[in-house]
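Below: one structure, written as structure tokens.
Every chain is numbered from 1 and lettered A, B, ... according to where its sequence line falls, protein lines coming before strand lines.
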Amino acid sequence: MPTIATWNVNSINARLSNVLEWLGAAKPDVVLLQEIKCQDAAFPREAIEDLGYQVATYGQKSYNGVAILSRWPILDVVRGLPGEPGDEQARYLEATVDGMRVASIYLPNGNPVGTEKFAYKLAWMERLRARAADLLESGAPLVLGGDYNVIPEPIDCHDPKAWEGDALFRPESRRAFRALLHLGLVDAFRALHPHEEHAYSFWDYQKGAFQLDHGIRIDHLLLSPAAADRLVACAIDKEPRRRPKASDHTPVVATLEDRP
DNA sequence: ATGACGGAACATTTCCGA
């Protein structure tokens with residue numbers, strides 16, 4: 001059965017050996033990467049192609065950058081989130097793989113609240129909602145995966161009080177995330193594990209956060225009804241976060257039934 | 001109130017992230 005993963009790698013070149021090892025061990029079929037932190041030409045394409053993946057990237061210098069890896073051809077690629085032609089931040093890459101429309105999403109952080117950065121986050125989320133609504137019209141399977149930089153509910157963080165007021169947990173951010181769900185999108189992990197606590201996908205590098213399990217769940221796979229109907233498993237793989245030179249995020253992996 | 005870690009780059013310091 002096909003698996004699709006999302007992983008914010010916090011620089012693909014700093015993380016290459018960890019990424020190659022994980023691809024070889026977990027053997028995901030489709031991978032949505034965020035924060036590749038390089039331009040397209042600097043992406044280590046050959047090393048990943050050698051493992052049997054096709055590669056599409058949408059990079060920029062130093063910051064942001066997203067990519068899609070797939071065992072199947074990557075078709076009809078859209079670079080950038082529609083709705084704001086002047087937006088030069090590389091945070092959205094969309095394509096068709098194995099009959100599914102997929103997108104790799106690196107949603108803006110939005111801190112500090114009260115600045116143009118928070119306004120950009122909320123505007124970006126509205127653009128994403130509009131794009132998702134368009135994509136849902138076809139009824140084809142759709143997977144919107146990535147680093148949403150949103151803690152959906154108190155259960156999704158170790159200490160809700162510590163996150164009060166942060167852009168990741170502000171009511172406006174959570175409401176905009178719920179607006180995506182209200183379109184009919186399903187949070188794959190939470191749908192299958194409705195009460196699971198300490199299910200985190202990010203732990204800060206500082207203050208021993210990983211060892212203390214002071215994490216947050218901000219990396220999400222949102223599935224359209226046609227994709228959610230095929231959902232059989234969703235897991236957070238903490239193994240890459242334990243390794244030396246780890247990203248501060250770890251992969252989230254969904255398993256879908258074969259196409260009917 | 002600040003820093004703590006870690007990455008990139010016009011780099012021995014600054015900007016950014018969550």
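Separating the CD1 atom of A/Ile36 from the C1' atom of B/dG6 is a distance of 18 Å, rounded to the nearest angstrom. To the nearest angstrom, P of B/dA18 lies 15 Å from CZ of A/Phe118. Distance, A/Arg217 CZ to B/dA18 C1': 16 Å, rounded to whole Å. Atom-to-atom, CG of A/Asp156 to P of B/dA18 comes out at 17 Å; the value is rounded to the nearest Å. Across the protein-nucleic acid pair, A/Gln60 atom CD and B/dG7 atom P stand 19 Å apart, rounded to whole Å. In this structure, CD of A/Gln211 is placed 18 Å from P of B/dA4, rounded to the nearest angstrom. Going from atom CH2 of A/Trp203 over to atom P of B/dG6 covers 16 Å, rounded to whole Å. Remark: P of B/dG7 and CG of A/Asn18 are 10 Å apart, rounded to the nearest angstrom.
Taking atom P on both nucleotides, B/dA18 is separated from B/dA8 by 15 Å, rounded to a whole Å. Distance check on atom P: B/dC5 versus B/dA1 gives 22 Å, rounded to whole Å. Annotation: B/dG3 and B/dT13 have their P atoms spaced 16 Å apart (nearest Å). Only the P atoms considered, B/dC15 is 13 Å distant from B/dA11, to the nearest whole Å. Here the separation of B/dC10 from B/dT14, taken at their C1' atoms, is 11 Å to the nearest Å.
Checked against side chain to side chain donor-acceptor pair (under 3.5 Å), A/Tyr53 has the following partners two or more places apart in sequence or in another chain: A/Arg71. Looking at residues two or more places apart in sequence or on another chain, you find no salt bridge (Lys or Arg N to Asp or Glu O under 4.0 Å) involving A/Glu84.
Atom-to-atom distance recorded for A/Glu164:CD and A/Cys157:SG is 10.0 Å, nearest 0.5 angstrom. Put simply, CG on A/Asp147 and CG on A/Leu168 are 8.0 Å apart, with the number rounded to the nearest 0.5 Å. To the nearest 0.5 Å, atoms CG (A/Leu20) and CZ (A/Arg15) are separated by 12.5 Å.
With no hydrogens or angles considered, no side-chain donor-acceptor pair links A/Glu35 and A/Asn10 at under 3.5 Å.
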Produce the list of close N/O pairs, under 3.5 Å, pairing protein atoms with atoms of nucleotides 15-17 of chain B; give distances to one decimal.
residue	atom	partner	partner atom	Å
B/dG17	OP2	A/Lys117	NZ	3.2

Scan nucleotides 10-13 of chain B against the protein and return all N/O pairs shorter than 3.5 Å with their distances rounded to 0.1 Å.
residue	atom	partner	partner atom	Å
B/dC10	OP1	A/Lys61	NZ	3.4

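Classified by interplanar angle (parallel below 30°, tilted 30° to 60°, perpendicular above 60°), the ring pair A/His158/A/His214 is parallel. A perpendicular orientation is assigned to the rings of A/Trp124 and A/Tyr92, their planes being inclined by more than 60° (bins at 30° and 60°).
Here the two rings, on A/Trp203 and A/Phe210, have centers that are under 6.0 Å apart.
Across the interface with DNA chain B, nearest-nucleotide mapping of A/Ile218 and A/Lys207 shows A/Lys207 to be the residue nearer the 5′ end.
Looking at A/Leu16 and A/Phe43, their side chains never come closer than 4.5 Å, going by heavy atoms from C-beta outward.
Contacts between residues 163-175 of chain A and DNA chain B, defined by a heavy-atom separation under 4.0 Å, are made by A/Leu168.
For A/Arg15, no side-chain nitrogen or oxygen approaches OP1 or OP2 of B/dG6 to under 4.0 Å.
Note on A/Glu172 versus A/Lys121: no salt bridge recorded, every NZ/NE/NH1/NH2 to OD/OE distance being 4.0 Å or above.
Listed by first and then second residue, the ring-ring contact (aromatic ring centres under 6.0 Å, His included) pairs involving residues 234-260 of chain A are A/Phe202-A/His249 (not counting sequence neighbours).
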